[in-house]
Enquirer: 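One structure follows; several queries about it will come next.
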Amino acid sequence: MINPLRGMKDLIFEDSQKFVHIVTTAIKIAKNYGYTYIETPILEETALFKRSVGESSDIVGKEMYQFIDKGANDVCMRPEGTAGIVRAFISNKLDRQDATHRFYYYGPMFRYERPQKGRLRSFHQFGCESFAEASVYEDFTIISMVSDIFDALGIRYNLEINSLGDNACMPDYKEKLIAFLESKKESLCSDCNRRIVTNPVRVLDCKNESCKTILKDAPKLIDNLCDSCRDDLDRLCQLLSEHKITYTINTNLVRGLDYYTKSAFEFVSTEVGAQSAIAGGGRYDKLVEFLGGKSTPAIGFALGIERIMDLVELPEQKREGLYLGTLDTTALPLLLQIAKEKRAVQKVYVEYEQKSLKSHLKSADKLGYLKACIIGENELKDKTVWVKDLQSKEEQHISLDVF
Ligand code: HAM
């Protein structure tokens with residue numbers, strides 16, 4: 001027997017229903033916020049992710065599904081959606097238009113991580129990316145959209161925000177931070193030591209308890225922001241409070257991808273175990289230019305569909321549709337004809353097997369149909385159908401001409 005690969009799973013029955021429920025709920029809300037659908041290839045040049053997500057990140061450093069294809073191209077299964085969408089934004093010359101563009105997407109992402117509950121190697125994200133809007137109002141609006149999605153799905157969350165600064169304040173801060181980290185080098189773990197050189201800000205995110213204690217005294221980005229970043233963060237906090245979206249500032253929130261500037265945020269749940277981040281995002285004002293496009297501010301988020309699956313309750317299924325059955329197989333052609341007509345407006349199930357009336361009704365009930373329409377010898381003769389409403393229990397004979 002061939003099983004799915006480690007860290008990969010099939011979504012069937014209740015899981016697939018939850019998947020569809022999450023995606024349709026999120027799409028409805030994203031459309032109300034003016035987002036349109038974008039679909040980009042799952043496979044991209046490896047260089048795209050190295051440049052955008054960053055060589056020093058775990059995602060690129062350890063977790064890429066990377067291979068050389070038959071044409072000797074170095075390619076990679078996307079570990080996240082943003083890089084491909086920024087590539088598409090530039091490839092389609094949208095950076096040359098003086099206009100905002102807002103896209104939503106969903107689909108599989110691949111990260112070669114150590115699998116555990118809520119952490120898969122093949123998982124799905126729903127995400128949004130907004131281009132060419134630099135205003136902090138857009139930061140607020142995108143956070144508000146994520147909170148609307150979780151509210152609509154009945155999921156409770158804590159929102160954490162931070163500012164990762166920009167070119168005006170980040171370089172000075174990095175110097176200060178490196179000086180602090182160098183002075184504590186001996187006591188920090190090997191991962192932190194490696195990151196002092198590759199990406200010092202990521203050290204702040206270390207999960208090692210003894211590092212965490214040392215890092216409590218590290219200089220905080222939030223105390224070193226330039227006026228523009230500080231003003232934006234203050235305004236964002238004010239807008240969130242005004243709209244009753246509860247948040248906390250987490251000065252150590254740095255995100256696992258290198259492209260962020262200014263606002264960064266994570267939605268976390270206390271109900272999903274160790275992998276508590278259910279959505280994350282932020283501003284990435286430098287990425288379009290960095291990948292060769294015209295300088296364009298941008299912001300986005302992605303939520304992990306499998307990660308919220310256990311938190312989502314499916315809405316109560318209402319009885320619907322028509323079950324067609326026969327007591328006499330000679331009625332089958334007629335059943336197929338009725339099915340064809342009725343399928344134009346509703347869900348129809350056709351049972352090909354000849355069964356007793358009782359057994360048909362049992363099946364129709366089990367499958368959740370609203371009405372059972374059964375044709376036997378008498379109905380064939382009279383050109384009628386026998387219909388039972390499985391909710392009201394009402395039964396009637398209806399002439400075929402008006403059915
Ligand atoms: P991310 O934080 O790496 O951000 O992923 C977003 C969400 O995907 C996470 O909060 C989590 O719910 C889910 N996720 C991540 N890894 C896994 C995994 N191995 N198994 C299951 N779920 C997972 C991004 O990917 C950015 N592209 C978000 C973004 C969009 N930033 C700006 N625009």
Side-chain angles (χ1 to χ4, degrees), residues 6-9 11 15 19 22 26 30 35 38 40 44 48-49 52-54 57-60 62-65 77-87 89 102-131 133 138-139 142-143 145-146 149-150 153 155 157-162 164 202 205 253-269 271-288 297-312:
R6 196 162 122 77
M8 307 204 176
K9 66 174 197 177
L11 298 177
D15 279 350
F19 180 93
I22 293 165
Y35 283 71
I38 187 168
T40 63
E44 297 269 6
L48 172 66
F49 301 110
S52 53
V53 177
S57 67
D58 283 350
I59 296 178
V60 169
K62 305 182 193 163
E63 300 168 359
M64 298 244 275
Y65 275 88
M77 311 268 279
R78 64 180 182 198
E80 59 104 49
T82 312
I85 290 165
V86 173
R87 201 259 321 121
F89 180 75
R102 294 186 177 88
F103 299 112
Y104 74 83
Y105 57 95
Y106 60 95
M109 309 291 159
F110 301 86
R111 297 184 190 176
Y112 197 84
E113 300 199 72
R114 200 164 42 78
Q116 63 178 79
K117 190 172 173 347
R119 188 163 72 193
L120 293 155
R121 289 182 173 169
S122 164
F123 60 98
H124 297 79
Q125 286 183 343
F126 176 91
C128 286
E129 312 293 346
S130 157
F131 293 96
E133 185 50 81
E138 189 72 352
D139 306 28
I142 215 153
I143 291 175
M145 169 163 53
V146 188
I149 293 173
F150 287 143
L153 291 169
I155 292 176
Y157 56 80
N158 294 321
L159 166 64
E160 297 184 353
I161 60 168
N162 194 19
L164 299 179
R202 283 278 288 151
D205 194 29
L253 176 70
V254 293
R255 309 276 300 125
L257 309 95
D258 288 356
Y259 47 64
Y260 293 107
T261 49
K262 292 192 160 185
S263 304
F265 56 87
E266 252 168 35
F267 285 74
V268 290
S269 165
E271 292 160 50
V272 286
Q275 298 307 313
S276 59
I278 51 175
R283 212 163 244 296
Y284 51 93
D285 288 347
K286 300 280 165 260
L287 187 57
V288 176
I299 180 166
F301 80 91
L303 62 81
I305 296 181
E306 282 84 353
R307 230 172 246 188
I308 57 172
M309 245 171 206
D310 287 348
L311 305 177
V312 171

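Ligands are counted one by one from 1 in listed order, and the atoms in each one are counted from 1 as well. All values below were derived from every heavy atom in this structure, side-chain atoms included, with hydrogens, water molecules and symmetry-related copies excluded. For reference, positions follow the sequence shown, starting with 1. All values derive from a computational prediction rather than experimental measurement.
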Enquirer: Has Arg78 got a side-chain atom pairing as donor or acceptor with Pro108's backbone, closer than 3.5 angstrom?
Expert: yes
Enquirer: In the structure I gave you, are the side-chain heavy atoms of Phe265 and Ile142 within less than 4.5 Å of one another anywhere?
Expert: yes
Enquirer: May I ask you to test the Val312-Ile155 pair for a side-chain heavy-atom distance under 4.5 Å?
Expert: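 Yes, at least one pair of side-chain atoms sits under 4.5 Å.
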Enquirer: I need the minimum non-hydrogen distance between Cys128 and Tyr35, along with the two atoms involved.
Expert: CB-CE2, 3.6 Å
Enquirer: Which residues satisfy the side-chain contact (heavy atoms from CB on, under 4.5 Å) test with Asp258, sequence neighbours excluded?
Expert: Ser56, Ser57, Asn199
Enquirer: Please examine the side chains of Leu257 and Tyr284, heavy atoms only from C-beta on, and report whether any two atoms are closer than 4.5 Å.
Expert: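 No, too far: nothing below the 4.5 Å cut-off.
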Enquirer: Between the protein and ligand 1, are there any N or O atom pairs that come within less than 3.5 Å of each other, and if so, what are their names and distances?
Expert:
unit_1   : atom_1 : unit_2 : atom_2 : d
ligand 1 : 2 (O)  : Arg255 : NH1    : 3.0
ligand 1 : 2 (O)  : Arg255 : NH2    : 2.9
ligand 1 : 3 (O)  : Arg111 : NH1    : 3.1
ligand 1 : 3 (O)  : Arg111 : NH2    : 2.9
ligand 1 : 4 (O)  : Arg255 : NH2    : 2.9
ligand 1 : 5 (O)  : Gln125 : NE2    : 3.1
ligand 1 : 8 (O)  : Gln125 : NE2    : 3.2
ligand 1 : 10 (O) : Ala277 : O      : 3.4
ligand 1 : 10 (O) : Ala279 : N      : 3.4
ligand 1 : 12 (O) : Ala277 : O      : 2.9
ligand 1 : 12 (O) : Ile278 : O      : 3.3
ligand 1 : 12 (O) : Gly304 : N      : 3.2
ligand 1 : 16 (N) : Arg111 : NH1    : 3.3
ligand 1 : 19 (N) : Glu113 : OE2    : 2.6
ligand 1 : 19 (N) : Leu120 : O      : 2.8
ligand 1 : 20 (N) : Leu120 : N      : 3.0
ligand 1 : 25 (O) : Arg111 : NH2    : 3.1
ligand 1 : 25 (O) : Gln125 : NE2    : 3.0
ligand 1 : 27 (N) : Glu80  : OE1    : 2.5
ligand 1 : 27 (N) : Thr82  : OG1    : 2.8
ligand 1 : 27 (N) : Tyr259 : OH     : 3.0
ligand 1 : 31 (N) : Tyr260 : OH     : 2.6
ligand 1 : 33 (N) : Thr82  : OG1    : 3.2
ligand 1 : 33 (N) : Glu129 : OE1    : 2.8
ligand 1 : 33 (N) : Glu129 : OE2    : 3.1
ligand 1 : 33 (N) : Phe301 : N      : 3.3

